[in-house]
Amino acid sequence: MNRRKKEIISMLLAGGQGSRLNMLTKKIAKPAVPFGGKYRIIDFTLSNCANSGIDTVGVLTQYKPLELNSHIGIGRPWGFDRNNGGVTILAPYMGQNGGRWYKGTANAVYENKNFIDKYDPEYVLILSGDHVYKMDYSLLLKYHKEKGAGATIAVITVPWEDANRFGIMNVDNENKIYEFEEKPGNPKSNLASMGVYIFDWKLLKRYLIEDEQDENSANDFGKNIIPKMLHNGVDLYAYKFEGYWKDVGNVKSLWEANMDLLKENNKLNIHDPNWNIYSNNPIGPPHYISESGKVKSAILNDGCIINGEINNSVLFPGVYVGKNSKITDSVIMPGAKIEDNVTINKAIVMKNVIVKSGNIIEDKNSDEIVVVNE
């Protein structure tokens with residue numbers, strides 16, 4: 001018996017450029033963007049794997065991966081520092097015919113099929129590194145087995161007015177998928193794909209090889225692999241997820257997800273001792289609130305020094321806030337320094353930015369979120 005054999009392994013797609021996040025992804029990949037005071041976006045997916053008992057994860061990187069690779073390291077915070085399995089960074093590589101970027105999500109997995117075969121798994125879990133949610137993948141696998149599915153796609157109910165922004169699954173009474181529509185103009189259902197798939201590996205491998213040979217393919221799971229499986233009569237099922245899930249692919253959704261953490265009884269609940277969110281965090285001194293400091297409904301972290309007023313905001317480690325400065329409904333990323341007499345409202349201040357004394361940062365005439373970079 002192969003010592004390495006695993007029932008299921010995960011392939012985590014983390015190469016996104018994140019162009020809709022604008023300045024926030026100028027130097028780093030989208031999954032490495034700071035979130036929630038002490039995390040990176042990818043921490044949630046990695047922690048889901050760890051908490052679900054999945055101990056073998058391939059992280060497929062591409063766009064500006066240095067900070068992401070450094071953050072993950074050998075995976076110790078998530079318990080992935082092990083000999084048989086663990087976490088492996090899988091970047092595009094040079095072959096006999098030269099090197100190239102991954103052409104699409106399906107191609108990224110195809111290019112690493114030898115890595116998957118090394119563990120001879122029955123199932124492969126495909127994940128995205130740019131969503132914020134808590135999910136027990138072991139329940140998804142159990143459902144997949146019970147249905148005898150070739151593939152199972154996790155879905156979440158979205159508001160009807162947003163359904164045209166997602167890949168939509170149309171299902172029968174047994175949750176068997178009979179139609180998949182990518183961003184439909186007139187959606188027939190509001191069951192949106194979460195970008196979480198379980199496939200029987202032997203089946204998926206066959207489809208990936210065929211897809212790679214198709215010169216007209218976009219080499220994408222949503223555009224090519226799943227529609228072809230449906231067309232060929234493969235049993236595909238939808239797994240309805242009831243918890244918190246957010247695609248933090250643009251500035252406003254990232255800000256909203258941070259603000260959600262400040263709500264009482266929020267669905268994400270990062271304080272749940274039964275489902276820890278792990279991360280690679282530097283150790284710093286405790287935060288300090290001076291006599292002039294006032295804090296109401298906020299997340300504060302190591303090394304923060306507060307001399308001003310904080311309302312409904314998320315502050316990452318090492319943030320300094322000067323006297324008579326007021327921060328409201330904002331996200332202040334690691335190492336930012338807010339000098340005296342500054343007003344910040346509905347903004348994201350990026351890492352290590354210095355906001356000079358007397359500045360007023362807000363856009364009263366717009367619903368957009370102000371991003372302050374270097």
In terms of side-chain geometry, is the basic nitrogen of Asp367 or Lys252 positioned less than 4.0 Å from the acidic oxygen of its partner?
-> yes
Atom NZ of Lys147 with >12 non-hydrogen neighbours under 6.0 angstrom | yes
Could you state whether Val314 and Tyr244 fall into the same hydrophobic cluster, counting links through intermediate Ile, Leu, Val, Met, Phe, Trp or Tyr residues with side-chain heavy atoms under 4.5 angstrom apart?
-> yes
What is the minimum heavy-atom distance between Gly222 and Phe180, and which atoms define it?
-> O-CE2, 2.8 Å
Are Leu261 and Ile369 connected, step by step, through hydrophobic side chains (Ile, Leu, Val, Met, Phe, Trp, Tyr) whose heavy atoms are closer than 4.5 Å?
-> yes
Less than 4.5 Å apart, any side-chain heavy atom of Ile41 and any of Val248?
-> yes
Correct closest heavy-atom pair for Leu68 and Ala14 would be CD2-O, 3.7 Å
Determine the interplanar angle of the Phe115 and Tyr119 rings, folded into 0 to 90°, and report it as parallel if under 30°, tilted if 30 to 60°, perpendicular if over 60°.
-> perpendicular
Side-chain heavy-atom pair Asn186, Pro184 within 4.5 angstrom cut-off | no
Can Asp340 and Asn324 be counted as having a side-chain donor-acceptor contact under 3.5 angstrom?
-> no
Is the side chain of Ser253 donor-acceptor paired with the backbone N or O of Asn250 at a distance under 3.5 Å, no angle test?
-> yes
Would Asn48 and Trp275 count as having a side-chain donor-acceptor pair, cut-off 3.5 Å?
-> yes
dist Ile277:CD1 -> Tyr39:OH (nearest 0.5 Å) comes out at 6.5 Å
Take the angle between the ring planes of Tyr237 and Tyr143 and call it parallel below 30°, perpendicular above 60°, tilted in between.
-> perpendicular
Examine Phe35 and Met350 and state if one hydrophobic cluster contains both, with Ile, Leu, Val, Met, Phe, Trp and Tyr joined whenever side-chain heavy atoms are less than 4.5 Å apart.
-> yes
Does atom CD of Glu161 have more than 12 heavy-atom neighbours from other groups under 6.0 Å away?
-> yes
Evaluate the ring pair (Phe, Tyr, Trp, His ring centres under 6.0 Å) criterion for residues Tyr123 and His144: first the C-alpha distance (whole Å), next the side-chain angles of each, then the deciding distance (0.1 Å), finally the verdict.
-> CA-CA 10 Å; Tyr123 310 101; His144 177 83; 5.4 Å; yes
Report, as yes or no, whether the 6.0 Å neighbourhood of atom CD on Glu146 holds more than 12 heavy atoms from other residues, nucleotides or ligands.
-> yes
Min side-chain heavy-atom separation Leu300-Ile289 under 4.5 Å | yes
Heavy-atom distance under 4.5 Å between the side chains of Val59 and Val87, does that happen here?
-> yes
For Lys6 and Asp120, what are the C-alpha separation, side-chain angles and deciding distance, and is it a salt bridge (charged side-chain N to carboxylate O under 4.0 Å, His left out)?
-> CA-CA 6 Å; Lys6 303 283 183 179; Asp120 189 24; over 6 Å; no
Classify the ring geometry between Tyr197 and Phe221 as parallel (under 30°), tilted (30 to 60°) or perpendicular (over 60°).
-> tilted
Trace of the salt bridge (charged side-chain N to carboxylate O under 4.0 Å, His left out) decision for Lys346 with Glu368 | CA-CA 8 Å; Lys346 283 185 72 174; Glu368 295 304 308; over 6 Å; no
Roughly how far, to the nearest 0.5 Å, is CG of Leu90 from CE of Met11?
-> 5.5 Å
What's the shortest heavy-atom distance between Ser193 and Ile153, and which atoms?
-> OG-CG2, 3.8 Å
Do you know the tightest heavy-atom contact between Ser10 and Leu127?
-> OG-CD1, 3.1 Å
For the atom pair CG (Leu24) and CD1 (Ile348), what is the distance rounded to the nearest 0.5 Å?
-> 5.5 Å
Per side-chain contact (heavy atoms from CB on, under 4.5 Å), Leu125 is matched among Ile9, Thr152, Leu140, Leu141 by Leu140
Does Glu362 pair with Lys326 as a salt bridge, N-O distance under 4.0 Å?
-> no
Lys38 NZ: over 12 foreign heavy atoms closer than 6.0 Å | no
CD1 of Ile360: more than 12 outside heavy atoms within 6.0 angstrom?
-> no
Cluster question for you: counting only ILVMFWY and a side-chain heavy-atom cut-off of under 4.5 Å, with indirect links fine, are Val132 and Met135 together?
-> no
Is Asp260 salt-bridged to Lys263, cutoff N-O under 4.0 Å?
-> yes
How long is the gap from CD1 on Ile299 to CG on Asn258, to the nearest 0.5 Å?
-> 7.5 Å
Do Lys103 and Glu212 meet the salt-bridge criterion of a basic N to acidic O distance under 4.0 Å?
-> yes
Candidate list Val155, Ile226, Val234, Val171, test side-chain contact (heavy atoms from CB on, under 4.5 Å), partner Ile177, passing option = Val171
Are Asp130 and Lys30 within salt-bridge range, i.e. N to O under 4.0 Å?
-> yes
Once you round to the nearest 0.5 Å, how far does CZ of Phe166 lie from CD1 of Ile156?
-> 9.0 Å
Look at the side-chain heavy atoms of Ile, Leu, Val, Met, Phe, Trp and Tyr, link any pair under 4.5 Å apart, and say whether Leu60 and Tyr137 land in one connected group.
-> no
Minimal non-hydrogen separation, Met333 against Pro34, with atom names = CE-O, 3.6 Å
Strictly by modelled atom types, are Asn219 and Asn224 linked by a side-chain donor-acceptor pair under 3.5 Å?
-> no
Work out which heavy atom in Ile310 is nearest to a heavy atom in Ala298; give both atom names and the distance.
-> CG2-CB, 3.9 Å
Taking only Lys NZ, Arg NE, NH1 and NH2, and the carboxylate oxygens of Asp or Glu, determine whether Glu67 and Lys351 approach each other closer than 4.0 Å.
-> yes
Under 4.5 Å between any side-chain heavy atoms of Val109 and Tyr102, yes or no?
-> no
Close side-chain approach of Lys246 to Tyr133, heavy-atom, < 4.5 Å | no
Evaluate whether atom NZ of Lys323 has more than 12 neighbouring non-hydrogen atoms of other residues, nucleotides or ligands under 6.0 angstrom away.
-> no
Gap separating the CD1 atom of Ile89 from the OG atom of Ser70, nearest 0.5 angstrom = 10.0 Å
Ignoring hydrogens and angles, state whether a donor on the side chain of Thr157 or Asn190 is under 3.5 Å from an acceptor on the partner side chain.
-> no
Is a side-chain donor-acceptor pair under 3.5 Å present for Asp43 with Ser279?
-> yes
So, do Ile354 and Ile338 sit near enough that their side-chain heavy atoms are less than 4.5 Å apart?
-> no
Under 4.5 Å between any side-chain heavy atoms of Val158 and Trp160, yes or no?
-> no
